[in-house]
Protein chains: 2
Amino acid sequence: MRVLLVEDDELLGDAVRTHVARLGNAVDWARTSEDAENSLAAARFDLVLLDLRLPDGHGLDILKGLRARRDATPVIIMTAHDQVSERIAGLNAGADDYLVKPVDLGELQARIHAVTRRYGASVLPEVSLGGIRVYPSERRIVGEDGRDIGLSAREWALLDRLLSRRQAIVSKAQFEDALYEFGAEVESNTVEVYVSRLRRKLGRDVIETVRGLGYRISPHV
Amino acid sequence: MRVLLVEDDELLGDAVRTHVARLGNAVDWARTSEDAENSLAAARFDLVLLDLRLPDGHGLDILKGLRARRDATPVIIMTAHDQVSERIAGLNAGADDYLVKPVDLGELQARIHAVTRRYGASVLPEVSLGGIRVYPSERRIVGEDGRDIGLSAREWALLDRLLSRRQAIVSKAQFEDALYEFGAEVESNTVEVYVSRLRRKLGRDVIETVRGLGYRISPHV
DNA sequence: TTCATGCGTTCAGGCAGCTGTCAGCTTCGA
DNA sequence: TCGAAGCTGACAGCTGCCTGAACGCATGAA
């Protein structure tokens, strides 16, 4: 697996690179935004480990650029402990997960596994839901008429969560965690609203309600 | 299956212990971190139900200790509704799932099934009743025609109880205990009504009446 | 700058299905 | 045959869920 590490801190960068390399990966280490952009332009990576604080710009722009180009390469961001807003911004911009500095290498490993597993699972053959085809790796879904159906970030987050274990029931609380990862408990029906919107786009029967417990992908689609 | 319950609240602990025990499991109840560590050192468990708030320390340390010892025993954490950060910390530390307090016993049951199923040791294996197939871990039952049969929460609770020890007779009082936490006596024939409803869905002969004693799954299905 | 657009979120009204209760009936066993 | 136990259709109240609408905000274009 090829990993791009974007980190200006020499000490942390070295520790992470060594650790990730030991897991059997090829690691490119970019110290600056410019380095990172060049690397991303030159090659395909299986994972990006992204420090948001860089000397020559904001790492968030790198992430946004990726997603703007419809590049779904998994990105794990690394932020300082107290930079909650950064973390949220990162997740909103399309990061797959985050790590809090100081980075615990065991946790890093777990996150990498989790993210790449999620990615690997979804990158496998595309999923069919009724007449809809889903290409999670390209963040694209196509309707029966062959036309692209646009999903927003939140809608994707929900669908991802449902698809990650198709037979499992996902509770609203879990959705909220997946959607917000952090921050105040949202006392609202946001999840219901998104389920409703997804249903409108994917078809009424794709998402099944399990009253009192949550939602799941219907086994019959 | 052997379950370790780590919970200092007497009331909640008792309700959970009773419920889990009724599913046919052996339950060890640890009230403190120390208790829990001792139990974990002394025996192997198939599942840990872990309250993170303990009088003598943080339950998270128990989880971290497990994982540090590369012990993959499934852990479900229980947190208060507003302790999102705790929950995330728990999941990051390697918890398999979480429950939000106040604990809903139906949800507890569903999560236990899901988690233990993931690990192969299912509390209630899938089972055939006449032409009906029951998948308790997925909260799904499928009729002879292959179509899903919807069961309400109460109906599931009843069926679970009957299936947990198939040859046993379950009295109405036991059902009431399983259905309503903590001896909230119901002044009616609710159990009879639910048995009736279940029979309509599963088939007349699946549940057998033992006059004066209770009900059981018919040995002939 | 202003404006248009899309997204995320909140709210309220409505509704379907769940729940507990009862009445009247059937079945069982002595 | 009679009384007790169990069964079930009906129903009202309630809960959880659904969804249209509206608003604030960010983004990007003009």
Side-chain angles (χ1 to χ4, degrees), chain A residues 58 60-61 63-65 67-68 85 88-94 139 148-159 169-173 175-176 178-216, chain B residues 100 102 104-107 110 139 148-159 169-173 175-176 178-181 184-216 218:
Chain A
H58 206 288
L60 202 57
D61 296 332
L63 173 56
K64 285 181 178 168
R67 298 299 184 239
S85 56
I88 293 174
L91 291 166
N92 283 344
R139 298 256 128 182
D148 263 32
I149 300 173
L151 292 190
S152 77
R154 290 281 192 272
E155 287 164 357
W156 266 115
L158 235 111
L159 184 57
I169 298 170
V170 184
S171 73
K172 289 187 203 180
F175 273 130
E176 286 173 356
L179 257 49
Y180 310 105
E181 203 86 24
F182 212 98
E185 191 84 359
V186 196
E187 202 48 60
S188 80
N189 65 342
T190 308
V191 173
E192 290 167 17
V193 172
Y194 276 102
V195 168
S196 170
R197 287 178 183 169
L198 264 183
R199 278 181 177 146
R200 190 183 306 163
K201 291 183 176 180
L202 304 180
R204 209 109 306 237
D205 306 326
V206 168
I207 301 174
E208 184 181 308
T209 301
V210 185
R211 193 172 229 264
L213 292 179
Y215 302 89
R216 69 176 156 204
Chain B
V100 174
D104 176 84
L105 293 179
E107 193 185 348
R139 292 239 138 191
D148 266 31
I149 300 173
L151 292 191
S152 77
R154 290 277 188 272
E155 287 162 358
W156 266 115
L158 235 109
L159 184 57
I169 297 171
V170 184
S171 73
K172 290 185 199 180
F175 275 129
E176 285 173 359
L179 256 49
Y180 313 95
E181 12 192 322
E185 285 304 311
V186 196
E187 312 284 341
S188 75
N189 61 343
T190 310
V191 173
E192 290 166 15
V193 172
Y194 276 103
V195 168
S196 168
R197 287 173 183 166
L198 262 184
R199 279 178 175 148
R200 188 185 307 165
K201 291 182 176 180
L202 304 180
R204 210 106 309 232
D205 306 326
V206 168
I207 300 173
E208 185 178 303
T209 302
V210 184
R211 207 179 164 83
L213 293 180
Y215 302 89
R216 70 175 158 203
S218 166

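Since the model is a prediction, treat every value here as computed from it, not as a measurement. Every chain is numbered from 1, with letters handed out A, B, ... down the list of sequences.
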Using whole Å, report how far CZ of A/Arg211 lies from P of D/dC14. 15 Å
Residue list, side chain to side chain contact (heavy atoms under 4.5 Å, CB included) with B/Arg200, at least two apart or on another chain: B/Arg204
From CG of B/Leu213 across to C1' of D/dG6 the rounded distance in Å is 13 Å
With a 4.5 Å limit on heavy-atom distance, are the side chains of A/Thr209 and A/Val195 in contact? no
Does a side-chain N or O from A/Ser152 land closer than 4.0 Å to OP1 or OP2 of C/dG6, or not? no
Against the side chain of B/Arg197, the closest entry in D/dA21, D/dA10, D/dG6 is D/dA10
Rounded interatomic separation in angstrom, taking CD from A/Glu192 and P from C/dA12: 14 Å
What is the distance from CG of B/Leu202 to P of D/dC7, rounded to the nearest Å? 14 Å
Atom pair distance, as rounded to whole Å: CD in A/Glu208 and P in C/dA16: 19 Å
Which part of the nucleic acid, if any, lies within contact of B/Gly212, taking any heavy atom under 4.0 Å across all strands shown: a base, the sugar-phosphate backbone alone, or nothing? sugar-phosphate
In whole angstrom, give the distance that lies between atom CZ of A/Phe175 and atom P of C/dG8. 15 Å
B/Val210 versus B/Arg216, closest heavy-atom pair with distance: CG2-NE, 4.1 Å
With sugar-phosphate meaning primed atoms plus P, OP1 and OP2, does A/Arg200 contact a base, only sugar-phosphate, or nothing at under 4.0 Å between heavy atoms? sugar-phosphate
Considering only side-chain heavy atoms of A/Tyr194, which listed nucleotide, C/dT19, D/dG6, C/dG8, is closest? C/dG8
Is the phosphate of D/dG6, meaning OP1 or OP2, less than 4.0 Å from a side-chain N or O of B/Lys172? yes
What nucleic acid atoms does B/Val195 come within less than 4.0 Å of, heavy atoms only: base, sugar-phosphate, or nothing? nothing
Considering just the side-chain nitrogens and oxygens of B/Thr209, establish if one lies under 4.0 Å of OP1 or OP2 belonging to D/dA5. no
Provide, to the nearest angstrom, the distance between the CG atom belonging to B/Leu198 and the P atom belonging to D/dG6. 17 Å
Using a cut-off of 4.0 Å on non-hydrogen atoms, how would the nucleic acid contact of B/Arg199 be classed: base, sugar-phosphate, or nothing? sugar-phosphate
Is the backbone N or O of B/Glu192 less than 3.5 Å from a side-chain atom of B/Lys172, with the two atoms forming a donor-acceptor pair by type? no
Integer-rounded Å distance: C/dT21 P and B/Asn189 CG: 9 Å
Side chains of A/Tyr215 and A/Phe175: closer than 4.5 Å at any heavy-atom pair? yes
Output the single nucleotide from D/dA22, D/dT19, C/dT21 whose closest atom is nearest the side chain of B/Ser188. C/dT21
